[in-house]
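These notes are about the structure you will find just below.
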2 protein chains.
Amino acid sequence: MTKEKKHTVAIVDDHSLFAGSLEKLINSFPNFTVLFHAKNGVELQERIENGNDLPDIILLDINMPVMDGFETAEWLMQNHPRIKTLALSMEDDEQTILRMLRKGVKGYLLKDIHPEILNTALEELMDKGYYHSEKVSETLLHSLNPDEESALLDFKENELTFIQLACSEMTYKEIAEIMNLSPKTIDGYRHDLFNRLKIKNRVGLVIFALKKNLIKL
Amino acid sequence: MTKEKKHTVAIVDDHSLFAGSLEKLINSFPNFTVLFHAKNGVELQERIENGNDLPDIILLDINMPVMDGFETAEWLMQNHPRIKTLALSMEDDEQTILRMLRKGVKGYLLKDIHPEILNTALEELMDKGYYHSEKVSETLLHSLNPDEESALLDFKENELTFIQLACSEMTYKEIAEIMNLSPKTIDGYRHDLFNRLKIKNRVGLVIFALKKNLIKL
DNA sequence: TTTTTTAAAGGGATTTTTCCTATTTGTTGA
DNA sequence: TCAACAAATAGGAAAAATCCCTTTAAAAAA
């Protein structure tokens, strides 16, 4: 096997032991080699912007302190849509997975990685252009099934903004001002959401938003 | 080096790649060897209860699905206080660290592990009986320093109960009933806390409680 | 014992939240 | 063009939350 024939992979993850063994593992694969390793999204940007380090695949951890996986994936899609991004995360909740998929990642792997699975994932990524583990496929099916659950989470842009602002200490009146809407409209959003989500008050909304990852702490 | 002379270590972590390389790493240390590997607290319990697998040290991940690090540490302290537990976690926030220390763990390591650091940690654990990274030492100092920050977190039992109930969808009146106090008293708690914590409304209280780990989602 | 502190309650007022119902405006598709 | 639908807006009112100030009783400190 020639060096030039190997596909290049970049790792973005701030856990050194994990990322380190990941690198060794990938380098042991016949068709892949690690191009570089970045500790967060910002480092990745620098590597990609400055040098000519354009990997074929990026393994992207979601939980990073500086610029997390969501932001990084967004940036990648806008600036380098041809690089295939594989999301890595411990989170196996539906919302997190869906959020990443919406950002345009080509695959999603739970961090409970087995060597063979990772190799398969990389191969399929280069081959078919995507890879999804069983768990993620389930999630996808689930989300396409327009039952109560997922309908709940299909928020309009304004609603989402409202929810996020309602999770601050702002008054509804203040939220109305910021969103340039009448307090009555805001009250309408509130009322609708309370019904749809079957919650009783603003505390319920905050809890909901946190569980569904609509806001961060 | 004789096999018998090696200290035994058990790993409790559900991330197979990470735990796998951790195991290899530890086995490469002159004085330590991995006795077994459990995916969560329950598996650990079984191994310890059934067989005679009593390790000297347990490396305990905090984030596990079935029986997390907090519960496991608690159980270990009550049933096998002589086993030294080293907590592993990505969380570097003060509250999480303190919570684990209170459970009785003998050390705390951020998961961004470097091989030399881990070896040092294990050696010191067997030698001095404890190990704390710089970050954790800082946290300890911080928590001993009775400045504003920590004073904030010194809640009376009733206040804590109130905070936790206020993070539900209950009305203050309902909270009063549950706590067997007058609504006016509850209002007093509320008012006090809003001032002390410099928050404006109940949403602020929920956010605070979550950040400080006074409640779980 | 007297003073101080603290937890628990109460009175009363204002603002915010929450709930209901109805109207206007704008967009979309038949 | 007109019906249909959704988004934005309104009015009114009850309930809850918030704020400020006082009082009582018991416990702790002096």
Side-chain angles (χ1 to χ4, degrees), chain A residues 102 143 146-212 214-215, chain B residues 146-212 214-215:
Chain A
R102 282 199 209 97
S143 78
D147 57 0
E148 330 98 52
E149 286 288 326
S150 56
L152 288 185
L153 296 161
D154 195 16
F155 299 116
K156 290 152 200 149
E157 205 51 39
N158 259 350
E159 282 179 328
L160 201 57
T161 309
F162 165 73
I163 292 176
Q164 286 159 349
L165 292 174
C167 292
S168 75
E169 296 186 50
M170 265 185 272
T171 258
Y172 289 136
K173 202 198 290 184
E174 295 171 323
I175 294 176
E177 280 167 22
I178 286 193
M179 291 182 68
N180 252 312
L181 290 172
S182 149
K184 283 299 179 178
T185 304
I186 294 299
D187 189 52
Y189 288 170
R190 182 198 56 73
H191 190 253
D192 269 8
L193 286 167
F194 281 20
N195 280 336
R196 264 201 282 163
L197 306 178
K198 295 191 188 69
I199 54 182
K200 291 193 181 123
N201 56 28
R202 213 170 144 174
V203 172
L205 191 60
V206 176
I207 304 288
F208 173 86
L210 280 164
K211 283 189 179 163
K212 299 300 181 181
L214 301 178
I215 57 167
Chain B
D147 56 0
E148 330 100 50
E149 286 287 327
S150 54
L152 287 185
L153 295 163
D154 195 16
F155 299 115
K156 289 152 201 149
E157 205 52 37
N158 259 351
E159 281 179 327
L160 201 56
T161 308
F162 164 73
I163 292 175
Q164 285 159 349
L165 292 174
C167 291
S168 76
E169 297 185 50
M170 265 184 270
T171 261
Y172 288 137
K173 202 199 290 183
E174 294 170 325
I175 294 176
E177 279 167 23
I178 286 192
M179 292 182 68
N180 252 311
L181 290 171
S182 149
K184 281 298 181 180
T185 305
I186 294 298
D187 189 53
Y189 289 171
R190 183 198 56 74
H191 190 254
D192 269 8
L193 286 168
F194 280 20
N195 282 336
R196 263 201 281 162
L197 306 178
K198 295 192 188 70
I199 54 183
K200 290 193 181 122
N201 56 28
R202 214 169 144 175
V203 172
L205 191 61
V206 175
I207 303 287
F208 173 86
L210 280 164
K211 283 190 180 162
K212 299 300 183 183
L214 301 178
I215 57 168

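Just so we're clear, the structure is a prediction, and the values are computed from it rather than from any experiment. Convention: sequence-line order gives letters A, B, ...; per-chain numbering from 1.
For the pair B:Lys173 NZ and D:dA16 C1', the computed distance is 8 Å after rounding to whole Å. The distance between atom CD of A:Glu174 and atom P of C:dT16, rounded to the nearest whole Å, is 8 Å. Summarising the geometry, the separation between CD1 on A:Ile175 and C1' on C:dT17 is reported as 12 Å, rounded to the nearest angstrom. Distance, B:Arg202 CZ to D:dA16 P: 12 Å, rounded to whole Å. In this structure, B:Tyr172 atom OH and C:dA8 atom P are separated by 17 Å, rounded to whole Å. Distance CE (A:Met170) to P (C:dT17): 12 Å, rounded to an integer number of Å. Atom CD of B:Glu169 and atom P of D:dA17 are 12 Å apart (whole Å). The separation between B:Glu159 atom CD and C:dA7 atom P is 8 Å, rounded to whole Å.
For the atom pair CD1 of B:Ile186 and CG of B:Leu165, the computed distance is 8.0 Å after rounding to the nearest 0.5 Å. Here A:Glu159 contributes atom CD and A:Asp192 contributes atom CG; the two are 6.5 Å apart, rounded to the nearest 0.5 Å. To the nearest 0.5 Å, atom CZ of residue A:Phe162 and atom CG of residue A:Asp187 are 8.5 Å apart. Going from atom NZ of A:Lys200 over to atom CG of A:Leu205 covers 15.0 Å, rounded to the nearest 0.5 Å.
Between the side chain of B:Arg202 and the main chain of A:Val203, no donor-acceptor pair closer than 3.5 Å is present. Remark: side-chain polar atoms of A:Ser182 are paired, donor with acceptor, to backbone N or O of A:Lys184 under 3.5 angstrom.
Sorted by residue number, the members of residues 177-195 of chain B with any non-hydrogen atom under 4.0 Å from DNA chain C read B:Leu181, B:Ser182, B:Lys184, B:Thr185, B:Tyr189.
Checking C:dT17, D:dA8, C:dA8 against the side-chain heavy atoms of B:Asn158 singles out C:dA8 as nearest.
For A:Lys156 and D:dA7, the shortest distance from a side-chain N or O to OP1 or OP2 is below 4.0 Å.
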